[in-house]
Number of protein chains: 2
Amino acid sequence: MDSQPVHMPCPTRFAVDRLRSAGLRPTRQRIALAGLLFAKGDRHLTAEELHDEASGAGIPVSLATVYNTLHQFTDAGMLRVLAIESSKTYFDTNTSDHHHFFIEGDNEVMDIPMGSILVDGLPNVPEGMEIAHVDVVVRLRHKG
Amino acid sequence: MDSQPVHMPCPTRFAVDRLRSAGLRPTRQRIALAGLLFAKGDRHLTAEELHDEASGAGIPVSLATVYNTLHQFTDAGMLRVLAIESSKTYFDTNTSDHHHFFIEGDNEVMDIPMGSILVDGLPNVPEGMEIAHVDVVVRLRHKG
DNA sequence: CTGTGTGCAAACTCTTTGCATAAGT
DNA sequence: ACTTATGCAAAGAGTTTGCACACAG
């Protein structure tokens with residue numbers, strides 16, 4: 001019956017399709033990184049974290065390529081950059097409009113559940129400007 | 001009548017007092033930097049900007065000292081650090097609770113007038129955590 | 001094949017640090 | 001005098017870039 005033999009596992013298929021529709025050539029490294037990024041729900045990663053994860057998964061990819069790839073994905077609208085902490089760039093796999101917890105000390109980023117925060121009374125924007133985005137970061141610390 | 005001759009201009013006096021009450025020795029450099037920072041209302045500066053400004057004002061101070069001083073002022077509660085853009089640290093002379101515009105392209109930071117923004121419906125905070133701070137950044141772009 | 005992507009290493013930016021010198025009290 | 005701050009230069013983290021080689025179409 002199966003006249004179209006499938007040689008690749010499903011996550012790879014998924015990644016390949018996503019890359020193609022973004023106009024990016026599905027190379028080994030991009031497929032692998034997309035697989036890691038988009039397989040398990042929303043994630044917030046630095047380039048270094050993703051690089052470590054790839055290495056750990058037996059995918060040899062250079063840090064430079066991880067950076068390049070993350071920026072390509074960002075330009076293609078598959079990722080969003082978070083400016084939460086100076087000195088480290090976090091990439092968010094959830095590109096929809098939402099906000100974040102940042103846990104000081106642990107340097108961990110978490111999504112704030114949609115709809116549970118409300119920003120109101122936005123101020124008048126200066127002449128000739130428009131709002132590109134509103135970012136809310138709720139910084140948490142350990143109690144005690 | 002004036003039995004206490006005043007040899008220093010007023011801004012210096014002010015800076016010296018501020019430094020003393022923060023427990024910081026009022027050195028030439030600290031006095032000069034405090035003068036620049038706190039003389040003209042609320043400001044949002046990077047270390048490099050302040051360094052340039054000091055140099056321009058004929059105050060020779062090294063960039064390393066500017067960084068050290070900004071951190072000492074921050075620890076003393078005289079400044080706040082803004083994490084608005086990756087790769088650059090902005091120091092805010094307004095330590096009260098308020099939010100910011102960030103103009104993309106120009107990389108300029110502006111205060112949002114107090115009370116003109118309202119964050120409501122803060123989400124439940126995870127167990128054992130408390131809110132340290134809520135930061136709202138309204139990112140603006142030039143229209144057209 | 002042809003063009004694009006990758007890896008490596010070097011460059012670059014921002015920031016911190018160590019140590020001898022200078023300044024404050 | 002005694003202590004603390006400063007300047008310089010070097011080190012350090014994170015990120016980017018240039019160029020030869022490798023891979024996808």
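Chain letters run A, B, ... following the sequence lines, proteins first and then strands; every chain starts at 1.
Contact between the side-chain N/O atoms of A:Q29 and the OP1/OP2 oxygens of D:dA22 is not found at any separation under 4.0 Å. Residue A:S87 places none of its side-chain N or O atoms closer than 4.0 Å to OP1 or OP2 of D:dA13. For A:S62 and C:dG7, the shortest distance from a side-chain N or O to OP1 or OP2 is below 4.0 Å. An OP1 or OP2 oxygen of C:dT16 is reached within less than 4.0 angstrom by a side-chain nitrogen or oxygen of B:H71. Contact check, B:Y67 against C:dT16: no side-chain N or O comes under 4.0 Å of OP1 or OP2. In terms of phosphate contacts, A:R28 brings no side-chain nitrogen or oxygen within less than 4.0 Å of OP1 or OP2 of C:dG7.
Contact between B:H51 and B:V61 at its shortest, heavy atoms only, is NE2-O, 2.8 Å.
One interatomic measurement links the two molecules: CG of A:L70 to P of C:dT6, which rounds to 12 Å at whole-angstrom precision. If you take CG of B:L63 and P of C:dT15, they are 9 Å apart, rounded to a whole angstrom. Residue B:L19 contributes atom CG, which lies 15 Å from atom C1' of D:dT6 at whole-angstrom precision. Distance CD (B:E85) to P (C:dT13): 15 Å, rounded to an integer number of Å. Here the P atom of nucleotide D:dT16 and the NZ atom of A:K88 are 15 Å apart, to the nearest Å. As a whole-Å value, the separation of A:Q72 CD from D:dT17 P is 13 Å. If you measure from atom CD of A:E48 to atom C1' of D:dG12, you get 13 Å, rounded to the nearest angstrom. Put simply, CG on B:L45 is 16 Å from C1' on C:dC14, counting in whole angstrom units.
Looking at B:R43 and B:E53, a side-chain N of the basic residue comes within less than 4.0 Å of a carboxylate O on the acidic one, giving a salt bridge.
Positionally, the nearest nucleotide of DNA chain C for B:A47 lies more toward the 5' end than for the other of B:T27 and B:A47. Comparing B:V61 and B:R25 against DNA chain D, the residue whose closest nucleotide sits nearer the 5' end is B:R25. Nearest-nucleotide positions on DNA chain C for A:R30 and B:A64 put A:R30 closer to the 5' end.
Here the nucleotide nearest the side chain of A:T69, chosen from D:dT6, C:dT6, C:dT25, is C:dT6.
Between B:H71 and B:F91, a ring centre-to-centre spacing shorter than 6.0 Å is recorded.
The residue B:H51 sits apart from the nucleic acid: no heavy atom pair falls under 4.0 Å. Across all strands shown, A:T89 has heavy atoms under 4.0 Å from sugar-phosphate atoms exclusively, and none from any base.
Separation of atoms CG (B:L36) and CD1 (B:I59) is listed at 4.5 Å; rounding is to 0.5 Å.
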Table please: side-chain donor-acceptor pairs of residues 118-125 of chain A below 3.5 Å, with sequence neighbours left out.
none

